[in-house]
Undergrad: 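I have a structure here, written as structure tokens, and I will follow up with some questions on it.
In the text below, chain A, chain B and the rest are named by the order of the sequence lines, each starting its count at 1.
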Amino acid sequence: MSERSSYERIYDVVRRIPRGRVASYGQVARLAGLPRHARLVGYALHRLPGETRLPWHRVVAAEGRIAKRAFPDDGRWQRELLEGEGIELDLSGAVPMERYAWRPRTRRASDEKEKARRA
DNA sequence: AAGTTGACGGATG
DNA sequence: TCATCCGCCAACT
């Protein structure tokens, strides 16, 4: 059986987020097969080593806001990385999700709500 | 070993 | 719009 831990599954999903697009913590959790585990995603990213190649900056809060961090500079860093990929933040410094949210084709059964929403 | 905490999110008031 | 509460999991104390 795939013995991937929850964190590995989360990282697998984050790795798939395309450049110039973003996904919310909750969305990553759902795609990783861990519905309602948004917090777990946050913790998984929290423990990433600074030299990681994972595009962690493409994960933002559900409304597009950059999640509060222990060190304010980290938030600024994330913002710069996103802008560096061509993403234009709105006046409040949030990512306009309707424009940059990642819409992967491979949706799971548990994503029925998402499908209904975009209809 | 038990309680606290945290890069969340949705519901509620 | 803002403040709280609660669910869910793993790392820390």
Undergrad: What is the distance from CG of A:L45 to P of B:dC8, rounded to the nearest Å?
TA: 10 Å
Undergrad: Rounded to the Å, how far apart are A:K68 NZ and B:dT5 P?
TA: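 That distance rounds to 18 Å.
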Undergrad: Does A:R99 form a salt bridge (charged side-chain N to carboxylate O under 4.0 Å, His left out) with A:E88? I'd like the steps, not just the answer.
TA: CA-CA 10 Å; A:R99 181 176 174 188; A:E88 298 173 35; 3.7 Å; yes
Undergrad: Find the distance A:R58:CZ to B:dC8:P and express it as a whole number of Å.
TA: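 For the pair A:R58 CZ and B:dC8 P, the rounded distance is 20 Å.
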Undergrad: Taking only Lys NZ, Arg NE, NH1 and NH2, and the carboxylate oxygens of Asp or Glu, determine whether A:D12 and A:R15 approach each other closer than 4.0 Å.
TA: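 The answer is yes: the pair qualifies as a salt bridge.
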Undergrad: What's the closest nucleotide to the side chain of A:Y43 if the choices are B:dA7, B:dG10, B:dG6?
TA: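 Nearest to the side-chain atoms of A:Y43, counting from C-beta on, is B:dG6.
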Undergrad: Rounded to the Å, how far apart are A:E63 CD and C:dC2 C1'?
TA: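 Whole-Å distance recorded here is 14 Å.
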Undergrad: Got a donor-acceptor contact below 3.5 angstrom from the A:Q78 side chain to the A:V59 backbone?
TA: yes
Undergrad: I need the CZ-P distance between A:R69 and B:dT5, as an integer number of Å.
TA: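 Atom-to-atom, A:R69 to B:dT5, this comes out as 20 Å.
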Undergrad: Determine: side-chain N/O of A:H37 to OP1/OP2 of C:dC8, distance under 4.0 Å, yes or no.
TA: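 Answer is no, no contact under 4.0 Å.
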Undergrad: State whether the distance check finds a donor on one side and an acceptor on the other, under 3.5 Å, for side chain A:Y25 versus base B:dA7.
TA: yes
Undergrad: Nearest heavy atom decides the nucleotide; on that basis, is A:A38 or A:Y7 closer to the 5' end of DNA chain C?
TA: A:A38
Undergrad: Using the P atom in both, what is the distance from C:dT4 to B:dT5, to the nearest Å?
TA: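 Taking atom P in both C:dT4 and B:dT5, they lie 16 Å apart.
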Undergrad: In whole angstrom, give me the gap between the P atoms of B:dA1 and C:dC8.
TA: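 Roughly 24 Å separates the two P atoms.
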Undergrad: Are the side chain of A:E83 and the backbone of A:E80 linked by a donor-acceptor contact shorter than 3.5 Å?
TA: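 Flag not set: sc A:E83 to bb A:E80 has no pair under 3.5 Å.
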Undergrad: Is a donor-acceptor pair below 3.5 Å formed from side chain A:R39 to base B:dG6, judging by atom type as modelled?
TA: yes
Undergrad: In whole angstrom, give the distance that lies between atom CD1 of A:I10 and atom C1' of C:dC8.
TA: 11 Å
Undergrad: Find the distance A:R65:CZ to C:dC2:C1' and express it as a whole number of Å.
TA: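 Taking atom C1' of C:dC2 as the reference, CZ of A:R65 is at 12 Å.
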Undergrad: What's the spacing between A:H57 NE2 and A:L45 CG if we round to 0.5 Å?
TA: 11.5 Å
Undergrad: B:dC8 C1' sits how many Å from A:W56 CH2, rounded?
TA: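 Whole-Å distance recorded here is 17 Å.
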